[in-house]
Amino acid sequence: MDTSARAEPAFPDAGSTSGWAREAMEWAVAEGLFSGYGATGELRPGAGATRAQVATVFMRFIAHMYE
């Protein structure tokens with residue numbers, strides 16, 4: 001899988017993303033795996049994820065694999 005795509009996260013709290021996760025986050029944003037929360041569009045990098053949120057990211061990832 002080509003993981004070279006990058007997009008600058010436009011989330012209002014993107015600067016809170018840990019350094020070790022930044023490159024992966026840029027790829028995930030470029031591929032549309034993350035879309036932000038509701039009207040604010042926050043990423044909330046320090047918050048936990050619900051099972052539904054993780055399932056959504058997995059489903060988007062799987063769909064991306066078979067494009």
Side-chain angles (χ1 to χ4, degrees):
M1 175 178 283
D2 181 12
T3 60
S4 62
R6 297 288 181 269
E8 187 66 33
F11 304 106
D13 56 349
S16 300
T17 303
S18 296
W20 60 266
R22 193 164 317 277
E23 187 175 321
M25 181 59 64
E26 290 172 356
W27 173 79
V29 169
E31 297 300 335
L33 299 181
F34 295 112
S35 59
Y37 287 90
T40 63
E42 293 176 317
L43 180 61
R44 299 181 186 165
T50 67
R51 284 182 287 183
Q53 291 164 333
V54 173
T56 298
V57 171
F58 281 155
M59 292 301 294
R60 289 176 183 166
F61 179 74
I62 290 167
H64 175 70
M65 286 177 39
Y66 294 101
E67 290 180 337

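Bear in mind the structure is a predicted one, so any value in this text is a computation, not a measurement.
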Using the rule that Ile, Leu, Val, Met, Phe, Trp and Tyr join whenever any side-chain heavy atoms are under 4.5 Å apart, tell me whether Met59 and Tyr66 fall into a single cluster. no

Are Val57 and Tyr37 connected in the hydrophobic side-chain network, where two residues link if heavy atoms are under 4.5 Å apart? no

Is the backbone of Gln53 close enough, under 3.5 Å, to the side chain of Thr50 for a donor and an acceptor to pair up by distance? yes

Might you point out which heavy atoms bring Asp13 and Pro45 nearest each other, and give the distance in Å? OD2-CD, 3.5 Å

Show every donor-acceptor pair shorter than 3.5 Å between a side-chain atom in residues 25-34 and any protein atom, with sequence neighbours excluded, or say none if there are none.
unit_1	atom_1	unit_2	atom_2	d
Glu31	OE1	His64	ND1	3.3
Glu31	OE1	His64	NE2	3.2

Looking only at non-hydrogen atoms, find the nearest pair between Thr40 and Pro12 and report the distance. O-CG, 3.4 Å

